[in-house]
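Read the numbers this way: they start at 1 and go in the same order the structure lists the ligands and their atoms. The analysis underlying the following values was restricted to heavy atoms, covering all of them including side chains, and did not include hydrogens, waters or symmetry mates.
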Amino acid sequence: MFFASRWFIFESVNIHFIHFIIMLIVKNLSKNFNTITAVNDLSFEVQEGKIFGLLGPNGAGKTTTIRMILNIIKPTTGEITFSGKLINENFFNMVGYLPEERGLYKKSRVVDVLIYFGRLKNLSKSHAFNEGIKWLKSLSLLEFKDKKIQELSKGNQQKVQFILSVIHNPKLLILDEPFGGLDPINQQVVKELILSFIDEGKIILLSTHYMDTAEKLCSDILLMDKGRTILKGSLSEIKQKFGGNYIRIQFKGNPELIRSIPFIKEFEQYNNYSEVQIDERVKPHEFLRLISSDLEISHFSVIEPTLDRIFIDAVKKST
Ligand code: ATP
C-alpha cells in the first residue's frame with residue numbers, strides 16, 4: 001500500500017530512479033465553529049494528473065474544507081499535507097484558487113488586474129504581463145485587455161477570474177463552481193482547459209453542484225453531507241456499486257401497472273421513455289417477464305445510474 005500510494009522506486013543494476021508522486025493528503029480533518037461541526041473527520045488523497053470532485057448539498061462543508069486547504073482557516077483537528085509537507089505560507093504560490101464568490105476590482109483594467117494578481121503570486125511584472133496576454137488570447141479576451149472589468153459581460157469577467165487562478169502555473173488548482181455564468185461554448189472551452197491541466201500533471205480539486213460536469217471530469221469523488229463523508233472512491237467503482245437496478249423502458253399501456261409493483265423503488269416518466277429503479281433483490285429479466293404480458297414494450301435496457309441520481313439517493317439515505 002505504502003509503495004503504491006506514495007512513490008515508486010525502480011531499481012536496476014546500478015541506477016536508482018525515484019519518481020515522487022505529488023499528492024494532496026487531507027487526514028482526519030475537522031472544523032468546529034462554536035457548536036457547529038462544519039467538517040467532521042474528513043480524509044482523502046488527490047494525486048497529480050487527477051481531478052477530484054468534492055461534492056455535497058448546500059451547507060455540507062465543502063467551502064470550509066477548501067478554506068482549510070488554502071490555509072485561510074485552521075482546522076480544529078487533523079492535518080493537510082502537500083507534496084509530503086504540512087501546508088504553510090510557502091504553499092501559497094503553488095496553489096491556484098477560483099472562488100465561488102468572485103471578487104474582481106471592477107474599476108481596474110483587465111491587464112492591470114492580471115499583473116496585480118501575478119505579482120501577488122511572485123511573478124515579475126513582465127512575466128505576469130506575458131502570461132496574462134497568453135491567457136487572454138487563449139480565452140478570446142485579448143480585445144478586452146484595456147477595458148475596465150465592469151465593462152465586461154458577466155461571463156467574460158468569469159473568464160478573467162479563471163485566468164487569475166492559473167496565471168502563475170500552479171501545481172494544485174482548486175476550482176469552486178468554475179462553470180457558473182458561462183454559456184455552453186465557454187463551458188466547453190474551460191472544460192477542455194481543465195482536461196489539458198491533467199495532461200500537464202496538475203492536481204485539481206473541483207467543487208460543483210453540476211453533477212453532469214463532475215461526472216464528465218472527475219476520476220474520483222467524495223460526497224459529503226453535514227460535514228461527514230457519505231461516499232468516497234473512484235467514480236467507476238461507485239457507479240458499479242450503485243448500478244444494476246436502474247432500467248430504461250419505452251412502452252405502450254397503463255404506467256400504473258408498473259407503479260403498483262411492490263419491488264419498484266422509483267418510477268420517473270419522461271416524454272419519450274421512463275426510468276425505473278427496482279429492488280436489488282429482483283433481477284431485471286424477472287421484472288421484464290412480469291410486465292411483458294400486460295405492456296407493449298419497445299425498449300428495455302439496464303442503465304448506469306447518473307451521478308445526479310447517486311447524489312440524491314446517497315444524501316437521502318444519510319438523513
Ligand atoms: P454551499 O454548497 O452552500 O456553498 P458548503 O458545502 O460550501 O455549502 P460551508 O460553507 O462549508 O458549506 O458550510 C458548512 C457549515 O458551516 C454550514 O452550516 C455553515 O453555516 C457553517 N459555517 C461556515 N462558515 C462558518 C463560520 N465562519 N462561522 C460559523 N459557521 C460557519
Side-chain angles (χ1 to χ4, degrees), residues 24-46 50-82 87 91-92 95-104 154-155 157-158 161-162 164-165 170 172-182 187 190-191 194 203-233 235 238 306-319:
L24 172 72
I25 301 179
V26 169
K27 208 163 151 195
N28 304 114
L29 195 68
S30 294
K31 179 71 187 179
N32 299 334
F33 294 109
N34 300 317
T35 54
I36 296 170
T37 303
V39 174
N40 195 342
D41 199 22
L42 205 66
S43 296
F44 61 90
E45 298 183 356
V46 196
K50 298 268 184 189
I51 303 180
F52 187 89
L54 186 62
L55 314 173
N58 295 124
K62 304 178 298 290
T63 309
T64 306
T65 304
I66 288 173
R67 295 179 77 207
M68 287 190 276
I69 296 171
L70 290 165
N71 210 16
I72 297 171
I73 55 172
K74 294 275 170 229
T76 306
T77 54
E79 63 174 39
I80 304 163
T81 55
F82 184 70
I87 54 161
F91 177 64
F92 180 72
V95 59
Y97 175 43
L98 177 69
E100 189 183 8
E101 303 287 326
R102 326 286 190 211
L104 291 170
K154 217 173 104 203
Q157 289 188 27
Q158 168 106 353
Q161 186 95 49
F162 183 84
L164 300 182
S165 66
L172 170 66
L173 192 53
I174 300 180
L175 303 170
D176 198 351
E177 293 296 1
F179 307 103
L182 295 180
Q187 283 185 29
V190 171
K191 232 176 257 176
I194 294 173
I203 297 172
I204 299 182
L205 191 69
L206 170 72
S207 181
T208 180
H209 289 123
Y210 296 105
M211 291 303 116
D212 54 333
T213 307
E215 193 158 357
K216 281 181 195 140
L217 295 177
C218 301
S219 50
D220 298 86
I221 61 158
L222 184 148
L223 177 57
M224 62 189 298
D225 188 26
K226 301 192 183 74
R228 287 181 182 279
T229 302
I230 54 174
L231 256 187
K232 186 169 80 168
L235 197 52
I238 287 174
T306 60
L307 188 52
D308 212 30
R309 172 54 58 199
I310 293 172
F311 180 108
I312 293 168
D313 286 355
V315 172
K316 258 194 214 160
K317 239 185 231 170
S318 83
T319 48

My understanding is that only residues two or more places apart in sequence, or in another chain, count here; which of them pass salt bridge (Lys or Arg N to Asp or Glu O under 4.0 Å) with [X]?
X    : result
K316 : E266
E215 : K239
D41  : none

From L231, L55, L54, residue fulfilling side chain to side chain contact (heavy atoms under 4.5 Å, CB included) relative to M224:
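When side chain to side chain contact (heavy atoms under 4.5 Å, CB included) is applied between M224 and each of L231, L55, L54, only L54 qualifies.
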Only one of I66, L24, I204, I203 clears side chain to side chain contact (heavy atoms under 4.5 Å, CB included) with I174; which?
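Only one of I66, L24, I204, I203 forms a side chain to side chain contact (heavy atoms under 4.5 Å, CB included) with I174, namely I66.
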Got the residues with a heavy atom under 4.0 Å of ligand 1, by chain and number?
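F33, A38, P57, N58, G59, A60, G61, K62, T63, T64, E100, H209.
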Within 6.0 angstrom of R309 CZ, more than 12 heavy atoms from elsewhere
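Yes, the 6.0 Å shell around CZ holds more than 12 heavy atoms from other groups.
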